[in-house]
There are 2 protein chains.
Amino acid sequence: MPEKDGRFEAIIEKIRAKNFKLTPQRMAIARVLSDGGRHPTVEEIHEELRDRFPTMSLATVYRNVLLMKSLGEVMEIGFADGSNRYDGMRPHPHPHAICIACREILDPELSGLEDMSEEVARETGFEIVSHRVDFFGICPKCRAKK
Amino acid sequence: MPEKDGRFEAIIEKIRAKNFKLTPQRMAIARVLSDGGRHPTVEEIHEELRDRFPTMSLATVYRNVLLMKSLGEVMEIGFADGSNRYDGMRPHPHPHAICIACREILDPELSGLEDMSEEVARETGFEIVSHRVDFFGICPKCRAKK
DNA sequence: CTGCTAATTGATAATCGTTATCAATAACGG
DNA sequence: CCGTTATTGATAACGATTATCAATTAGCAG
């Protein structure tokens, strides 16, 4: 169960601090979400936990993802086609590289986003509070398949 | 009816070139979408044309937006909450500044996106084909209201 | 201008992801 | 161990979008 840094512990601690209860389902969902590098859908989380929680409802996954999102411990990566994905490893906005073939999502380290944000603020007069930066393309694996 | 450059004409020409028929509804939708600076929803387009086409179905708006999107003449700006918006003025990816209070969308001119795209390609090995860059914040008007 | 044919329209049902509802269950403090 | 209250599971409701289908109409040939 490879969670990096203490993301799982951080999520659990936040839940405890806000006096929400620690159910086995909730903890299992937190563990999947804190599992590094993944960006699972709600369906995938549900599927992944089916073995251990055969009766767990899809609604429970939705509810807990929403809870952790509202606690600021999970970030939603929403798409217009409804294929929303979730990230409990890095709950703050960061750029993505998304393969349009296999839907894999990487988190590249990118410089210059701060500058760009300031440039937008200067030009528009907006007070920027967040951003969403996605680059779409073909990953090396899918390019090899062509 | 302030359409800039020849966006309306370009959309109509593309439709004609692909042997789709030019119905009054289709042309009216193209005109709204080519109206500069706006980023209307399907509902807003439907509402806006209610006076001139009282019987026009919402399905017709959806169908024609989809058609123009597939012809590459209209760009979709999709959000996870389902509030999708459309832009017939600039059918190619470009950054947005989005007010989280009034939902206004501006199109700032931004430098450095090319470089950033190359940086992603270098770091991930992806072949980047498109992007989506949104900055969320509070516009000057809404900040004044606080 | 007239009539033909296939695309388009309008009305509405179906779909899909997500949220709400509610009775049954379980966490947690006493 | 008990009681209170949040949480769960099952399912209905919801909203945006898409599919369906009969009626209409654009575009074209004569």
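Per chain, numbering begins at 1; letters A, B, ... match sequence-line order.
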Starting at atom [atom1] of [X], determine the distance to atom [atom2] of [N], rounded to an integer number of angstrom.
X	N	atom1	atom2	answer
A:E76	C:dT18	CD	C1'	11 Å
B:M27	D:dT25	CE	P	14 Å
B:I12	D:dA26	CD1	C1'	14 Å
B:L67	C:dT9	CG	C1'	14 Å
A:H46	C:dG17	NE2	P	14 Å
B:D81	D:dC14	CG	C1'	15 Å
A:R85	C:dG17	CZ	C1'	14 Å
A:I45	C:dT18	CD1	C1'	14 Å

Residues forming a side-chain hydrogen bond (donor to acceptor under 3.5 Å, both in side chains) with B:S70, sequence neighbours excluded: none

What residues, two or more places apart in sequence or in another chain, satisfy side-chain hydrogen bond (donor to acceptor under 3.5 Å, both in side chains) together with A:T55? none

Axial bend angle, the helix from C:dC1-D:dG30 to C:dG30-D:dC1: five-pair end segments, nearest 10°: 30°

Look at the side-chain N and O atoms of [X] and state whether any lies under 4.0 Å from the OP1 or OP2 oxygen of [N].
X	N	answer
A:R26	D:dT8	yes
A:T55	D:dG9	yes
A:N19	D:dT5	no
A:T60	D:dG9	yes

So if I define the base as every atom that isn't primed, P, OP1 or OP2, how would nucleotides 19-30 of chain C read as a B/S/- string at a heavy-atom cutoff under 4.0 Å? BBB-----BS--

Under the salt bridge (Lys or Arg N to Asp or Glu O under 4.0 Å) rule, collect the residues that match up with A:E123, sequence neighbours excluded. none

Check A:E73 with A:K18, please: is the shortest side-chain N to carboxylate O separation under 4.0 Å? no

Between A:E119 and A:R122, is there a salt bridge with N-O shorter than 4.0 Å? no

Once ring pair (Phe, Tyr, Trp, His ring centres under 6.0 Å) is applied, do any residues pair with A:H39, and if so which ones, sequence neighbours excluded? A:H96

Report the residues that fulfil side-chain contact (heavy atoms from CB on, under 4.5 Å) with A:A80, sequence neighbours left out, ordered by chain and then residue number. B:E76, B:N84

How would you list all residue pairs meeting side-chain hydrogen bond (donor to acceptor under 3.5 Å, both in side chains) that involve residues 20-30 of chain A, not counting sequence neighbours? A:R26-A:N64

Could you identify which residues cluster with B:L113, counting Ile, Leu, Val, Met, Phe, Trp and Tyr as linked when any side-chain heavy atoms lie under 4.5 Å apart, either directly or through a chain of such contacts? A:L106, A:L110, A:L113, A:M116, A:V120, A:F126, A:I128, A:V133, A:F135, B:L106, B:L110, B:M116, B:V120, B:F126, B:I128, B:V133, B:F135

Mind checking if B:N84 touches a base, just sugar-phosphate, or nothing, with heavy atoms under 4.0 Å? sugar-phosphate

